[in-house]
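Only this structure's heavy atoms are used, side chains among them; waters, hydrogens and symmetry mates stay out. These numbers were taken from a predicted model, which means no experiment stands behind them.
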Amino acid sequence: MSENQDQDPIVVQEADAIYESVRTICHHSETQPAPTVYRVLGNLKGAAGPMLAQALNQLADGLVRSLDEYEVYQVLIAT
């Protein structure tokens with residue numbers, strides 16, 4: 001999690017939580033019984049299906065709108 005979590009927008013906080021959750025699943029997913037695996041897969045299917053597509057589309061739309069609403073530019077740093 002980021003050090004300034006209280007200042008992060010809720011979408012950043014939730015993305016951090018999802019990252020940590022998937023990381024935890026990776027560390028604890030070996031040798032789980034079939035009923036547990038089916039529950040996990042069902043939950044991941046629900047989260048990774050239409051809801052994830054919707055969230056990504058909304059984030060992409062926000063990026064497009066930010067080009068008009070903010071001064072968005074790229075800073076190149078010489079190495």
Tabulate below the donor-acceptor pairs under 3.5 Å that side-chain atoms of residues 50-61 make, not counting sequence neighbours, or state none.
residue : atom : partner : partner atom : Å
Gln54   : NE2  : Gln58   : OE1          : 2.8
Asn57   : ND2  : Ala53   : O            : 3.2

With a cut-off of 3.5 Å and sequence neighbours excluded, list every side-chain donor-acceptor pair involving residues 21-28.
residue : atom : partner : partner atom : Å
Ser21   : OG   : Ala17   : O            : 2.9
Thr24   : OG1  : Glu20   : O            : 2.9
His27   : ND1  : Arg23   : O            : 2.9

Margin query: I need the single residue from Ile10, Asp16, Val12 that forms a side-chain contact (heavy atoms from CB on, under 4.5 Å) with Glu14. Which is it?
Written below: Ile10
